[in-house]
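This report refers to the structure that appears directly beneath it.
Here is the naming used below: chain letters follow the sequence lines, and residue numbers restart at 1 for every chain.
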There are 4 protein chains.
Amino acid sequence: MYNPYRAEREHEMAPWREKLNSIIFGAETKSGRCFDIVLIICIIISVLVVMLDTVDSLGQRFGVYFFYAEWFFTILFSIEYFLRLICVRKPSLYCFSFFGVIDFVSIVPTYLVFFFPGLKYVLIIRIFRLLRVFRILKLAEYMGSAQVLLVALANSRYKIMVFLYAVATLVVVFGSLMYVVEGGQAGFSSIPQSVYWAVVTLTTVGYGDIAPQTPIGQAIASLMMITGYGIIAVPTGIYSSELLKIHKTDSLNNQACPDCGATGHDFDAHYCRYCGHPLEI
Amino acid sequence: MYNPYRAEREHEMAPWREKLNSIIFGAETKSGRCFDIVLIICIIISVLVVMLDTVDSLGQRFGVYFFYAEWFFTILFSIEYFLRLICVRKPSLYCFSFFGVIDFVSIVPTYLVFFFPGLKYVLIIRIFRLLRVFRILKLAEYMGSAQVLLVALANSRYKIMVFLYAVATLVVVFGSLMYVVEGGQAGFSSIPQSVYWAVVTLTTVGYGDIAPQTPIGQAIASLMMITGYGIIAVPTGIYSSELLKIHKTDSLNNQACPDCGATGHDFDAHYCRYCGHPLEI
Amino acid sequence: MYNPYRAEREHEMAPWREKLNSIIFGAETKSGRCFDIVLIICIIISVLVVMLDTVDSLGQRFGVYFFYAEWFFTILFSIEYFLRLICVRKPSLYCFSFFGVIDFVSIVPTYLVFFFPGLKYVLIIRIFRLLRVFRILKLAEYMGSAQVLLVALANSRYKIMVFLYAVATLVVVFGSLMYVVEGGQAGFSSIPQSVYWAVVTLTTVGYGDIAPQTPIGQAIASLMMITGYGIIAVPTGIYSSELLKIHKTDSLNNQACPDCGATGHDFDAHYCRYCGHPLEI
Amino acid sequence: MYNPYRAEREHEMAPWREKLNSIIFGAETKSGRCFDIVLIICIIISVLVVMLDTVDSLGQRFGVYFFYAEWFFTILFSIEYFLRLICVRKPSLYCFSFFGVIDFVSIVPTYLVFFFPGLKYVLIIRIFRLLRVFRILKLAEYMGSAQVLLVALANSRYKIMVFLYAVATLVVVFGSLMYVVEGGQAGFSSIPQSVYWAVVTLTTVGYGDIAPQTPIGQAIASLMMITGYGIIAVPTGIYSSELLKIHKTDSLNNQACPDCGATGHDFDAHYCRYCGHPLEI
């Protein structure tokens, strides 16, 4: 895998910076691998600390330990951030990269919590740092898979936008209808509330905190549920067919025409479809 | 994009009407684009006003502002409707088009609200006017996507009808069965109520306002849930395969090779892939 | 469409029986079409009567009308059943056909209701008679669609059985686990009850009448929900791929080899794949 | 079907052991089939006994019968386990096979229940023994289907891992957000609790035991439901396309024509479809 932070490490950098760089940013050497594993364990524990601190029964008993743990991990991550800065070739490149921003946002809130106590929960963003876990697993495989999933999503963006507009319209119209029909009782106290109910129903979540009471309301709700149950086929169909198109492109002949260089021929093609030159099969 | 209201604007119309037409109906010029953006913002705010007016706490405090806002937007949209009428070449064509009817229904209720107060909520129909948002985005892309989704839906209409009949039958039969089994208690007070429960269960919405209490009822309900969980595969399968068929047809050329008669060439092929003979494209 | 009851009507039957047969069993003539429409309306009303009779508020007010309506329809359907019997060429064939049995079960319960009051609800089975509605619509289209759906279901029966066994095992194991974890409180009062909860959760129905209270129970439940959310992909995938396989077979060349008569060649095949004889394309 | 326990039974084993082996491990002879059916009935009854024993009303009345039934089945299964051990060629091979372990775990808990009463519920594991039911049905068909489903699952493991990581991140981030927004009331009492709610919502289960009360909370929840409703398309799309790839690979012959080198022939093709040359099958 190409790694922009390490790309040109073979010249100009002091040996200890090179070493540090290979440990912190790389995963090929044994020490690099170890560093990544320790880092991931620290991240998981620090996220758990933030989460468990909010549980009343645990917070009262172990609150002080959680407090120390939070500071311990914040200082640890600060040192790590500092080391990353000094061993990377172009600190500005790292600072404004996706991981650079995440790493920064993962340590700052603890320092600012004296001024803005609510910031504490921003630390949960550390979970994004876990993306690094894919580096010690077979990164290329995961990256390839993620890319296929994202490309299929990108290809189907227009269809998905049209679908979302249709869902939004359905939800607003049905929600307003239910507000009129249910006459403002039983949780349908306003149109926004009814629209919320419509989202809960159409997506088949169905909390049940708001439910129609009148026969006509139940009939409309039934219609809506069947609609929601049926149109779940639309995003699924869109996504499946995009994924399949990507697979099909994968299975094309990757031989270039010897005459004009065109690619993308079918496996069973005998002649280049652009210039008519025979292909070497 | 072909636009029926503007098609022949280059002759017979007074210059100011032509100008107005290009602003109101077009989206190519800068002023046309601006007009569309302002219009969309007005539509969104006016829909929000209708929705928020029904929230008690807001309605009491800002009720009078909402009232003025509603009249403001209604008068604005009335002027817009009037301008559309006078600058279009054939007003009758516009009046009875989809957008013409929507535009009309979006302003009339405010005027009639003195006589029929309930009509107020019909204003929510303004959300359909938002379809114009696709005009300032890449309209052709969205229209193409919407058309593919609708064609796939139209192609699978017979299969979907059969599926809906099967669902309706399942729901009525299971609903009646549960009415008999649960003995009219716990919400299963009548067959229509039980059928409503069956819809809620089969579509995996599951409000929980009505739930079986007896062991036999729970066993039947379990059976039904697994059925509902499984048959969601049917509309999804139907829709996915229709979408894929459209993709396949789209990506194939139905021209036969003039030399060897082979078919199934790609759209961008210039030469027959079996005999190398040039194709007439 | 081939109709077994009418197949040989051109000989041996008295003219009035032939006429009656074409009205009752056929849908080509105007009178046959009329008969079907009237019949379908009667079926829908009679099903509604059975359903609405169970609604307390309606049952008390209109009970006596419902009682007469039920007898009216039962007598009407009895006459119809009798007419079908006398005008069909082979009564025994009709009697034991799918529709013959449904027609019989749709009238008998009213007569037996004096002895077994519970039988009344069996009348809901009349909804299956509505299948005749497809005869006045484009029957062939619907039958073709229904057949494709059923063939895909039949082809995937082994995969579906394996899937259902896996679901049953998951549900029993998770249900028992939750019974142990939740310690018999909060609705998890016995293993069958917990298994019922597991079905409700795995199928994403989620009534909420039984819900885990302990942190460990909620963790297990979360795991189960994600499993259920993920494995819904399995039946959908099975069914989609079966439907696509059927479509692919449909799109094969239906030309038979002029030499050996083999069919099922691809559209782009030049030679019979069984005997090597050139195909006429 | 190849059966490792019976593979070499034709030599070295005493006749009675051979006979016993064919009855217990085989399903071809009539007595082997009978044994399997009786065994499956015993397994089902013994699982039901464990389940029903936990129902209070039944446990009090029939508790003593359940106790005897449990011992009866445990002794029966112990004898069966012993017989399997003595008639198999290599007992160690059987002991550590999947079925060997399941069979052992299915009898031990009853003996240990004096020391660890909680072990009783481990008996539910007997349900895995039911896998043997596929042996008396058409085993090969089911095994083939199960294998296709598992291979598709294995092929899509990287994509599924990426998807699960995305779901986990969504759930933690949204859960924390809701904890902050809902201010610790209405069930959102801690981050882990809020994350549990997020799982319930994203998977469209929707118990309703925890539901947002504030308008902003409901807006975020709506967003999350639509996300959950949409991304269910991802695992379905992944799985569908993997299943289709397996079908495609299965139905194509990877032999090239010896004359023209064309590939992609069907498995049952005898001649090249492009040049008519016989294929070597």
Turns out that what part of Ile231(D) lies under 4.5 Å from chain C's heavy atoms comes down to both

Please check if the side chain of Glu242(D) supplies one atom and the backbone of Leu153(D) the other of a donor-acceptor pair under 3.5 Å. no

Taking every heavy-atom pair that is under 4.5 Å apart, which of Pro192(C), Ser240(C), Ser176(C), Ala168(C) has the most such pairs with chain D? Pro192(C)

Can you check whether Thr236(C) reaches Tyr239(D) side chain to side chain, under 4.5 Å on heavy atoms? no

Side chain, backbone, both or neither: which part of Val234(C) has a heavy atom under 4.5 Å from chain D? both

Please check if the number of heavy atoms outside Leu48(C) that lie under 6.0 Å from its CG is greater than 12. yes

Sidechain-backbone polar pair: Thr214(C) side chain, Gly217(C) backbone, donor-acceptor under 3.5 Å: yes

With chain C, the option among Val200(D), Leu58(D), Leu52(D), Leu149(D) that has the most non-hydrogen atom pairs under 4.5 Å is Leu149(D)

Cut-off 4.5 Å, heavy atoms of chain C, and the answer for Leu202(D) is backbone

At under 4.5 Å between heavy atoms, what parts of residues 223-230 of chain C are in contact with chain D? List them by residue number. Met225(C), Ile226(C), Tyr229(C), Gly230(C)

How long is the straight-line distance from CE of Met178(D) back to CD of Gln193(D), given to the nearest 0.5 Å? 12.5 Å

Tyr207(D): what forms a side chain to side chain donor-acceptor pair (under 3.5 Å) with it, not counting sequence neighbours? Trp197(C), Thr201(C)

pair Pro212(C)-Phe188(C): side-chain heavy atoms closer than 4.5 Å: yes

Options Val167(D), Val199(D), Thr203(D), ranked by heavy-atom pairs under 4.5 Å with chain C, top entry: Thr203(D)

Take the angle between the ring planes of Phe62(D) and Phe66(D) and call it parallel below 30°, perpendicular above 60°, tilted in between. perpendicular

A side-chain contact here means heavy atoms from C-beta on lying under 4.5 Å apart; do Phe163(D) and Pro235(D) qualify? yes

Please state whether the side chain, the backbone, both or neither of Phe128(D) comes within less than 4.5 Å of a heavy atom of chain C. both

